[in-house]
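We count ligands from 1, going down the list as the structure has it; atoms in each ligand are counted the same way. All residue numbers in this chain count up from 1 along the given sequence.
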Amino acid sequence: MTETAPIRIFNQMKKTLLDAAFPPGCASCAEPIDIPGTLCANCWQDLTYITPPFCEACGYPFEYAEPGVILCGVCVKRAPSFTRARAVLKYDDASRDMILGYKHSDQTDRAPAFASWMLRAGRELVEECDIICPVPLHRRRLVARRFNQSALLALEIGRLAKRAVCPDMLLRIKPTRSQGGLSARARFRNVKGVFKANPLRLSQIEDQRILLIDDVYTTGATLEACSDCLLRTGAADVDVLTFSRVVRGSDLSI
Ligand SMILES: [Zn+2]
Ligand SMILES: [Zn+2]
């Protein structure tokens with residue numbers, strides 16, 4: 001049955017009124033909740049927060065603390081180019097929809113809530129940095145998606161913590177195929193030579209302690225490529241703060 005114009009208009013009005021009566025709900029399942037930007041009790045308890053003990057360098061969570069162990073096996077073999085990486089949540093079934101919804105479905109109203117959680121998880125990193133820089137999107141992807149999800153998080157964190165943010169410190173000079181489904185080694189190859197320091201922003205990079213922001217830490221390949229680029233350009237130090245983190249052995253399909 002086709003909708004007549006008056007019914008269509010009525011349905012649209014009903015939706016608008018309902019949206020006004022029930023402000024955006026749980027950041028994961030959209031159930032109505034009391035405090036905007038938070039989660040309902042059900043979703044809250046399903047999430048896995050990344051808390052100490054974890055690897056000092058990449059933030060990989062350890063199941064238990066072992067005296068004298070501060071680095072994970074991967075970082076012992078080869079230290080990442082950034083100094084510290086921290087994340088709020090484990091990327092898993094419970095957090096995936098919330099993150100993909102934010103990234104691909106225009107749920108940008110989640111950015112302030114995500115940023116406040118990131119600020120809590122990475123307070124030390126935020127306080128110690130001079131300037132915040134998001135992982136950039138390639139121009140073509142930015143046009144398709146209309147916003148850079150990492151830049152929105154960076155701007156919100158900067159606003160909350162009163163820190164400078166430079167959204168175009170790094171440029172993505174080559175489009176890359178999506179990292180989804182690629183092995184760790186292929187991900188590192190895929191981002192080689194992809195980033196370039198913005199020549200107009202050199203004074204904000206040289207001798208500065210920079211905090212890189214992204215939504216998900218997967219293998220660290222993208223973040224390492226960005227960090228390499230900043231350090232080669234003269235940054236004093238680079239830390240990384242992400243909303244979620246894939247814990248090796250769990251699903252990488254993002
Ligand atoms: Zn929920
Ligand atoms: Zn590590």
Side-chain angles (χ1 to χ4, degrees), residues 18-19 21-114 116-117 121-122 124-125 183-185 187-188 191 211-212 214 216-228 231 237-250 252:
L18 282 172
D19 284 350
F22 298 103
C26 165
S28 180
C29 72
E31 279 289 305
I33 45 163
D34 295 336
I35 308 166
T38 55
L39 292 172
C40 75
N42 275 341
C43 292
W44 193 267
Q45 68 183 22
D46 288 342
L47 296 173
T48 308
Y49 294 87
I50 296 180
T51 52
F54 44 63
C55 170
E56 263 301 304
C58 74
Y60 178 81
F62 296 143
E63 268 172 44
Y64 48 87
E66 249 186 278
V69 176
I70 55 162
L71 294 178
C72 73
V74 172
C75 292
V76 166
K77 255 194 244 158
R78 192 187 68 88
S81 59
F82 49 77
T83 305
R84 298 170 292 184
R86 300 291 179 263
V88 180
L89 290 175
K90 184 173 161 190
Y91 187 86
D92 57 13
D93 287 340
S95 61
R96 178 180 292 119
D97 287 352
M98 177 167 67
I99 293 157
L100 292 182
Y102 169 65
K103 199 166 170 156
H104 299 295
S105 316
D106 274 5
Q107 291 170 355
T108 49
D109 54 339
R110 309 289 188 229
F114 288 6
S116 68
W117 297 348
E124 209 183 335
L125 280 62
S183 68
R185 191 180 291 233
R187 279 172 185 252
F188 276 91
V191 289
L211 180 62
L212 264 174
D214 207 356
V216 186
Y217 181 115
T218 310
T219 56
T222 300
L223 289 155
E224 275 224 47
C226 290
S227 156
D228 281 345
L231 291 166
D237 187 46
V238 178
D239 282 327
V240 167
L241 181 58
T242 61
F243 183 59
S244 72
R245 188 197 200 288
V246 170
V247 174
R248 287 182 290 275
S250 61
L252 288 182

Thinking salt bridges, do Arg86 and Glu124 make one under a 4.0 Å N-O criterion?
-> no

Shortest non-hydrogen contact between Ser244 and Tyr91, atoms and distance | OG-CD1, 3.5 Å

Answer with yes or no after comparing the ring centroid distance for Phe114 and Phe243 against a 6.0 Å cut-off, counting only values under it.
-> yes

Protein N/O/S count near the Zn ion (ligand 1) (criterion: distance under 2.8 Å) | 4

Pair Arg187 + Glu224, salt bridge at N-O below 4.0 Å | no

Taking atom types as modelled, find out whether Asp214 and Thr242 have a side-chain donor-acceptor pair closer than 3.5 angstrom.
-> no

Hey, what do you get for CH2 (Trp44) to CD1 (Ile33), rounding to the nearest 0.5 Å?
-> 10.0 Å

So what does the Cys75 SG - the Zn ion (ligand 2) - Cys58 SG angle come to, to 10°?
-> 110°

